[in-house]
Amino acid sequence: MTLEMAVLASGSSGNAIYLADGQTALLIDAGLSGKEIERRMNLIERSMAGVDALLLTHEHGDHIKGAGVLSRRYNLPVYATEGTWLAGGEKLGPLKPEHKKLVRENWELGKLQITSFPIPHDAREPVGYIISDGQVKVGLATDIGYITAEISQCLQGMDCLLLEANHDIDLLREGSYPGSLKRRIRGEGGHLSNEETARLLPDILESSSCCCPVVLLSHLSAENNRPELAYLTVKNSLQAAGYRVGSDVILKCAPRNEPGELYRLSGRIEEAGLP
Ligand SMILES: [Zn+2]
Ligand SMILES: [Zn+2]
């Protein structure tokens with residue numbers, strides 16, 4: 001079996017990830033307008049009509065903006081934690097009662113096995129996800145105030161990992177954001193820096209059984225980060241731990257404003273070359 005995965009958008013202006021196993025297709029977060037998500041799906045030569053369910057990580061607008069519209073338009077169930085429903089349910093607009101699904105710690109959609117785990121962030125009950133077809137494991141974790149032991153444990157051994165690298169600490173400190181916002185981003189309910197991600201990655205990749213896991217640095221700040229800086233900070237840390245970046249591990253920054261490559265993940269990573 002092969003998992004297909006593509007990042008449609010990543011960052012504070014919107015997040016959406018497409019993941020499918022040939023039988024079941026999911027969208028994890030829908031933080032762009034419904035129309036824009038449809039457009040980006042078409043760019044990776046997939047259709048929203050083929051999606052079976054939406055999974056939400058938390059209620060912030062950059063993660064749920066289009067979820068209500070897409071649920072209504074395509075008759076899609078939406079999975080969210082109780083806290084996300086409480087804090088964000090109204091923003092989604094009216095949904096059919098049968099479309100309001102609760103995220104569990106472990107459940108299955110088709111043959112996809114899904115695990116959720118809590119994340120510290122200034123939302124009501126935010127989560128990250130691990131999604132597997134039984135062979136390949138994909139981990140998604142962004143909007144992380146700080147790395148907990150549970151996050152570090154859950155993300156061990158992924159074949160593909162979308163992990164936040166939100167800001168460079170110096171760029172944030174010297175940048176134009178007001179002090180209160182800088183404190184929020186750096187705080188326990190904020191976002192993970194390049195440096196924190198760089199420290200975490202060598203440990204959690206160690207237990208990967210995959211010959212060459214893919215790491216996509218995600219939710220990069222447009223204001224307080226640069227893709228080349230995030231990449232270099234993490235690359236240096238991986239190299240210092242003995243990884244050959246490019247052959248032992250594929251490292252890239254998730255795209256912000258256009259869909260990225262469609263990856264085919266089957267133990268051996270192949271890029272489909274789309275778009
Ligand atoms: Zn976000
Ligand atoms: Zn958030």
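First listed ligand is number 1; within each ligand, the first listed atom is number 1.
By the salt bridge (charged side-chain N to carboxylate O under 4.0 Å, His left out) test, Arg256 is found to be paired with no residue, residues two or more places apart in sequence or in another chain being considered. Applying the side-chain contact (heavy atoms from CB on, under 4.5 Å) criterion to Val127, with sequence neighbours excluded, gives Thr81, Ser116, Tyr129. Listed by chain and residue number, nothing satisfies the ring pair (Phe, Tyr, Trp, His ring centres under 6.0 Å) test with Tyr18 (two or more places apart in sequence, or in another chain).
Surrounding CD of Glu258 are more than 12 heavy atoms belonging to other residues, nucleotides or ligands, all under 6.0 Å away. Atom CD of Glu105 has 12 or fewer neighbouring heavy atoms from other residues, nucleotides or ligands inside a 6.0 Å radius.
Within the protein, the N, O or S atoms sitting under 2.8 Å from the Zn ion (ligand 1) are Asp62 OD2, His63 NE2, Asp143 OD2, His219 NE2.
With no hydrogens or angles considered, a side-chain donor-acceptor pair links Lys96 and Asn75 at under 3.5 Å.
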